[in-house]
Amino acid sequence: MAKYSEKKWLANDGMPMHAVRWQPDVEPIMTVCLIHGLGEHSGRYKDMVEYYTSCGVEIVSFDLRGHGKSGGQRGHSADFQQMIRDIKCFIDEVSNIDVAKPWFIYGHSLGATLTIQYALSHPIGFKGVVLSSPLFKPAFEPAKWKLLLGRLVQTGWPTLSLSNEINEVALCRDKEILKSRAEDSLIHHRISARLGIQMLSEGEKLLRKASEVDFPVLLMHGDADAITSHTASTIFAERVGQQCCLKIWQGFYHELHHEPEKEKVFEYGLNWMKRELQRL
């Protein structure tokens, strides 16, 4: 049984934040810093945490600003780069990661976009990056009126709150997970005009910057993902080259860690990280 702890902290701009830590009952072989996706929170990775901690892996995470138990307007950040600064602050000052031991960064969806942006700007310390269903491009065409509205108001009214357009049934094929999500009071379905426009822009920018990646990356995506584009992930992996291991899961939806075959995903990710450690 993993040892669970919580911690309150302040971001560099004073925003109250919420962090969590799961420690295995043995000396950890590595630490994984988990960055969650849009509208959710760090507590939604129970199955993944149980698998990894049972294998001797420590997990640390925090709720993004505007999410979960952290402060801020739901689904809003005034500056995408502030979210990168939050990750840096968490890793450097809050997470208690033993930097003398190997550690990886694991991001899902929006969290994967943030993860690769952080890794590109702070490419020191971690042994590799795992990207789960990253948002380089959406798998659907966003409503044109909403994009136009977002672009028009992101400067004058950046906090305007809109629906995040996530189709709940497209998240995973496990109906019990979808039921628990619907009952989770910390889940929200909002995104601000500013964050929405910046999120799409940053995804496009990452596709152009892919060749700059010079650290190990595992990129996993389901080919039945109707939320983020697995085609864009394939393009990103091709542009990164040999440093990127691409795994397309046939028939899987968006939340790989909640699919009925999730243990295969966990095992694949853990084996990749172990292989990276053996190369050192």
Start with the C-alpha gap between L195 and F80, add the side-chain angles, then the distance that decides, and say whether side chain to side chain contact (heavy atoms under 4.5 Å, CB included) holds.
CA-CA 7 Å; L195 180 57; F80 200 86; 4.1 Å; yes
Stepwise, does the side chain to side chain contact (heavy atoms under 4.5 Å, CB included) test hold for L120 with L206?
CA-CA 10 Å; L120 281 167; L206 283 169; 3.8 Å; yes
Could you walk me through whether R65 and D13 pass the side chain to side chain contact (heavy atoms under 4.5 Å, CB included) check?
CA-CA 11 Å; R65 59 180 54 222; D13 64 346; 2.9 Å; yes
Checking H258 against E255 for the side-chain hydrogen bond (donor to acceptor under 3.5 Å, both in side chains) test, could you report, in this order, the C-alpha distance in whole Å, the side-chain angles of both residues, the deciding distance, and whether it holds?
CA-CA 5 Å; H258 282 149; E255 292 186 344; 2.7 Å; yes
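Between the OG1 atom in T53 and the CD1 atom in I59 there is a gap of 7.0 Å [rounded to 0.5 Å]. Here the OH-CE distance, from Y268 to M220, works out to 8.5 Å after rounding to the nearest 0.5 Å. A distance of 8.0 Å separates OG in S132 from CE in M48, rounded to the nearest 0.5 Å. With rounding to the nearest 0.5 angstrom, the CD atom of Q81 is 13.0 Å from the NZ atom of K88. Between the CG atom of L38 and the CG atom of L64 there is a distance of 9.0 Å, given to the nearest 0.5 Å. Here S211 contributes atom OG and R239 contributes atom CZ; the two are 8.5 Å apart, rounded to the nearest 0.5 Å.
Linking ILVMFWY residues whenever their side-chain heavy atoms come closer than 4.5 Å, directly or via other members, leaves I35 and I187 in distinct clusters. No continuous path of ILVMFWY side-chain contacts below 4.5 Å connects L186 to W22, so the two sit in separate hydrophobic clusters. Note: the hydrophobic cluster containing I84 also contains L207 (ILVMFWY, side chain heavy atoms under 4.5 Å, direct or indirect links). Taking hydrophobic clusters as Ile, Leu, Val, Met, Phe, Trp and Tyr residues chained together by side-chain heavy-atom distances below 4.5 Å, L114 shares a cluster with W9. In the hydrophobic cluster analysis, where Ile, Leu, Val, Met, Phe, Trp and Tyr join through side-chain heavy atoms closer than 4.5 angstrom, Y45 is grouped together with W249.
Looking only at distances, no side-chain donor or acceptor of S201 sits under 3.5 Å from a matching main-chain atom of I197. Side chain of Q243 to main chain of V240: no donor-acceptor pair is present (N/O by atom type, distance under 3.5 Å, no hydrogens or angles). Using modelled atom types, no side-chain atom of H76 and backbone atom of R74 make a donor-acceptor pair closer than 3.5 Å. Under a 3.5 Å cut-off, the side chain of D174 and the backbone N or O of E259 do not form any donor-acceptor pair. For R21 (side chain) and S5 (main-chain N/O), no donor-acceptor pair under 3.5 Å exists by modelled atom type. Remark: side-chain polar atoms of S61 are paired, donor with acceptor, to backbone N or O of L34 under 3.5 angstrom. Side-chain atoms of H18 never come within 3.5 Å of backbone atoms of K8 as a donor-acceptor pair (strictly under, hydrogens ignored). With D63 contributing its side chain and S42 its backbone, the two residues share a donor-acceptor pair below 3.5 Å. No donor-acceptor pair closer than 3.5 Å links the side chain of S229 to the backbone N or O of K137.
You'll find the side chain of L131 reaches within 4.5 Å of the side chain of T115, heavy atoms only. Using a 4.5 Å heavy-atom threshold, the side chains of I91 and H122 count as separate. When side chains are defined from C-beta on, F215 does not count as touching I105, because their heavy atoms never get closer than 4.5 Å.
A salt bridge links R173 with E261: the distance from a Lys NZ or Arg NE/NH1/NH2 to an Asp or Glu carboxylate oxygen falls below 4.0 Å. In this structure, E267 does not pair ionically with K264, as no charged nitrogen and carboxylate oxygen lie closer than 4.0 Å. The pair E276-R279 meets the salt-bridge criterion, with a side-chain N (NZ, NE, NH1 or NH2) lying under 4.0 Å from an Asp/Glu carboxylate O.
Closest approach of S77 to M83, counting heavy atoms only: OG-CG, 3.4 Å. Shortest non-hydrogen contact noted between C244 and L219 is SG-CB, 4.0 Å. Taking both residues in full, the closest heavy atoms of G269 and L218 are given as CA-CD2, 3.8 Å, listed atom of the first, atom of the second, then distance. Residues I29 and L277 come closest through the heavy atom pair O-CD1, 4.4 Å. Shortest non-hydrogen contact noted between W272 and V130 is CZ3-CG2, 3.9 Å.
Note: F126 and Y118 have tilted aromatic rings, judged against thresholds of 30 and 60 degrees for the angle between ring planes. Relative ring orientation between Y52 and Y106 is described as perpendicular, the plane-to-plane angle rising above 60° on a 0-90° scale split at 30° and 60°.
Judged by the 6.0 Å and 45° rule, K101 forms no cation-pi pair with W103.
Remark: the H221 side chain and the T228 side chain contain an N/O donor-acceptor pair separated by less than 3.5 Å. Side-chain contact annotation: Q82 with R85, donor-acceptor N/O pair under 3.5 Å present.
Within a 6.0 Å radius of NZ in K262, more than 12 heavy atoms belonging to other residues, nucleotides or ligands are found.
The distance between the ring centers of H36 and H41 does not fall below 6.0 angstrom.
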